[in-house]
Amino acid sequence: MSDVLPDESGRWRWVEERARALFHAFGYDEIRTPILERTELFVRSLGESTDVVEKEMYTFATGSGESLTLRPEGTASVVRSFVQHALAQRGPANRLYYLGPMFRHERPQKGRSRQFHQIGAEVLGAGSPEADVEIIAMLWAFLGEIGVDGIQLELTSLGDAACRPAYLERLRNFAESRVGELCENCTRRRLTNPLRILDCKVEGCRKALADAPLMTEHLCEPCRTHHGGVERLLAALGIPFVANPRIVRGLDYYVRTAFEVTTDRLGAQNAVAGGGRYDGLIASFGGPDAPGVGFAMGLERVLELAAPTPAAAPPVFLASHGDESRRAAFGLAHRLRLGGVRVETSLEPTSMKSQMRRAQKLGCATVLMIGESELAAGTVRIKDMTSGAEEDAARDVDALLARLARAPSGA
Ligand code: HAM
């Protein structure tokens, strides 16, 4: 778990603000759910035999014997809130987004931490391929906007309750015929969670399962039609994707569309974002029979890959000399700040020289100075730090705000 330090938080804020602005344009509203939920919520929605539930959740009992868990992801909480507050009444499709910390007790390694942050979005109440593609297109546009390149979109269909059981039976039978060649993990998982064997990294398993049957070859007609629709709409929007029938999402709630955005620039942890459809999840929590689709991206991973943070406007420094000037400067700084200008001052009396040094160090483009003569004249001296030019101006807050807004500094 890491701190986000003051010199790093500007980058976080930039990415978060870009996400909010773009998601807003797509018609999404923010939802904020608690970081803690009842353990049962995650067990039931993510699936008992998933890695997350089996070994990665931070779970504890409260004094009254209730079992609570720090959220390992956001979708379950959004679904819980949707049902609890009858959000279906807001309209046919609820477009929601969230951002915040998630917790998984994984083995820490590069690109993987125990508290990490996700930005995610969900559409609840729309089952059409348009909903899948809207969500993917928004993710893709966002990653493009903040300059993440070297990524690819991998897409598949995981089938649904009509076609998946028969496929899993096939896969199990296939795994049975190769059981001697499988690693210990896959030998166990072929029974508990057979899909997981498809993305085992062990060389022996990869060889043994090279000809394994794939879900996309055994989709029922409605799933096949849906998947075709998703592929067509993605192509129509010019969003490049590769079919990867071996995508195995680590969570059990998915049906039909599943996707991942991957990169080879982050070492072993290659997933930048992942998501898919989860029709049936809302109904299983006592809600309406509403379908759902969404994604979440790992914010730390996105921050690694994004373009350099655009430079922020440099602050203005307000320097003063003498007790009375300090008081005048203190009041002026306050009013300029209320006008939206970032103003740096020294909180202790120090020499003009050391204040100028500080202004230089902070990269201020403009320094306002109030000394004895400016105090008496009701003016302020404005120094352009680039050219070194100085001039006097009236100590009028509105005029100063207008001037600072024009200068390459301030707000
Ligand atoms: P997920 O694939 O488990 O999906 O996580 C989404 C993203 O979170 C990953 O692609 C990765 O970038 C990031 N991530 C996951 N674990 C860690 C970690 N330990 N350290 C750093 N980053 C991590 C979900 O969570 C689903 N709720 C996505 C979704 C939304 N599906 C439908 N709607």
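Read the numbers this way: they start at 1 and go in the same order the structure lists the ligands and their atoms.
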Check: Ala121 N/O within less than 3.5 Å of ligand 1 N/O: no
Under 3.5 Å, is there a donor on one side chain and an acceptor on the other for Thr75 and Glu122? yes
Are the side chain of Asp132 and the backbone N or O of Thr257 linked by a donor-acceptor pair below 3.5 Å? no
Below 4.0 Å, non-hydrogen atoms only: which portion of Val272 touches ligand 1? Side chain, backbone, both or neither. backbone
When you measure from the side chain of Thr263 to the backbone N and O of Gly150, does any donor-acceptor pair fall under 3.5 Å? yes
Which of these passes salt bridge (charged side-chain N to carboxylate O under 4.0 Å, His left out) with Asp29: Arg95, Arg20, Arg90? Arg90
Could you check whether His226 and Asp160, counting side-chain N and O atoms only, form a donor-acceptor pair closer than 3.5 Å? no
Which heavy atom of the protein is the closest neighbour of atom 32 (C) of ligand 1, given with residue, atom name and distance? Gly294 O, 3.3 Å
Counting heavy atoms under 4.0 Å, the part of Ala296 that contacts ligand 1 is both
Please state which part of Gln118 comes within less than 4.0 Å of ligand 1, counting heavy atoms only: side chain, backbone, both or neither. side chain
Is Leu251 close enough to touch ligand 1? Criterion: a residue heavy atom under 4.0 Å from a ligand atom. yes
From Leu182 atom CG to Glu176 atom CD, the distance as rounded to the nearest 0.5 Å: 9.0 Å
Ligand 1 versus Tyr278, non-hydrogen atoms closer than 4.0 Å: side chain, backbone, both, neither? side chain
Provide, to 0.1 Å, the distance between atom 26 (C) of ligand 1 and the closest protein heavy atom, together with that atom's residue and name. Tyr253 OH, 3.4 Å
For atom 20 (N) of ligand 1, what's the nearest protein heavy atom and its distance? Ser113 N, 3.1 Å
Modelled atom types, side-chain donor and acceptor of Thr33 and Tyr98, under 3.5 Å: no
Is it the side chain, the backbone, both or neither of Glu106 that has a heavy atom closer than 4.0 Å to ligand 1? side chain
Taking the six-membered ring for Trp, are the ring centroids of Tyr97 and Tyr28 within less than 6.0 Å of each other? no
protein heavy-atom neighbour closest to atom 31 (N) of ligand 1 works out as Tyr254 OH, 2.6 Å
For atom 9 (C) of ligand 1, what is the nearest protein heavy atom, given as residue, atom name and distance? Ala271 O, 4.2 Å
How far is atom 13 (C) of ligand 1 from the closest protein heavy atom, and which atom is that? Gly298 CA, 3.6 Å
Nitrogen or oxygen atoms of Glu300 and ligand 1 under 3.5 Å apart: no
Is it the case that atom CD in Glu40 sees more than 12 heavy atoms from other parts of the structure closer than 6.0 Å? no
If you measure from each non-hydrogen atom of Arg114 to ligand 1, which part falls under 4.0 Å: side chain, backbone, both or neither? neither
For atom 1 (P) of ligand 1, which candidate among Glu73, Arg249, Arg301 holds the nearest heavy atom? Arg249
Consider only side-chain N and O atoms of Thr69 and Thr59, and report whether a donor and an acceptor are under 3.5 Å apart. yes
Find the distance between CD1 (Ile31) and NE2 (His85) and round it off to the nearest 0.5 Å. 7.5 Å
Tell me, please: is Gly276 in heavy-atom contact with ligand 1, that is, under 4.0 Å? yes
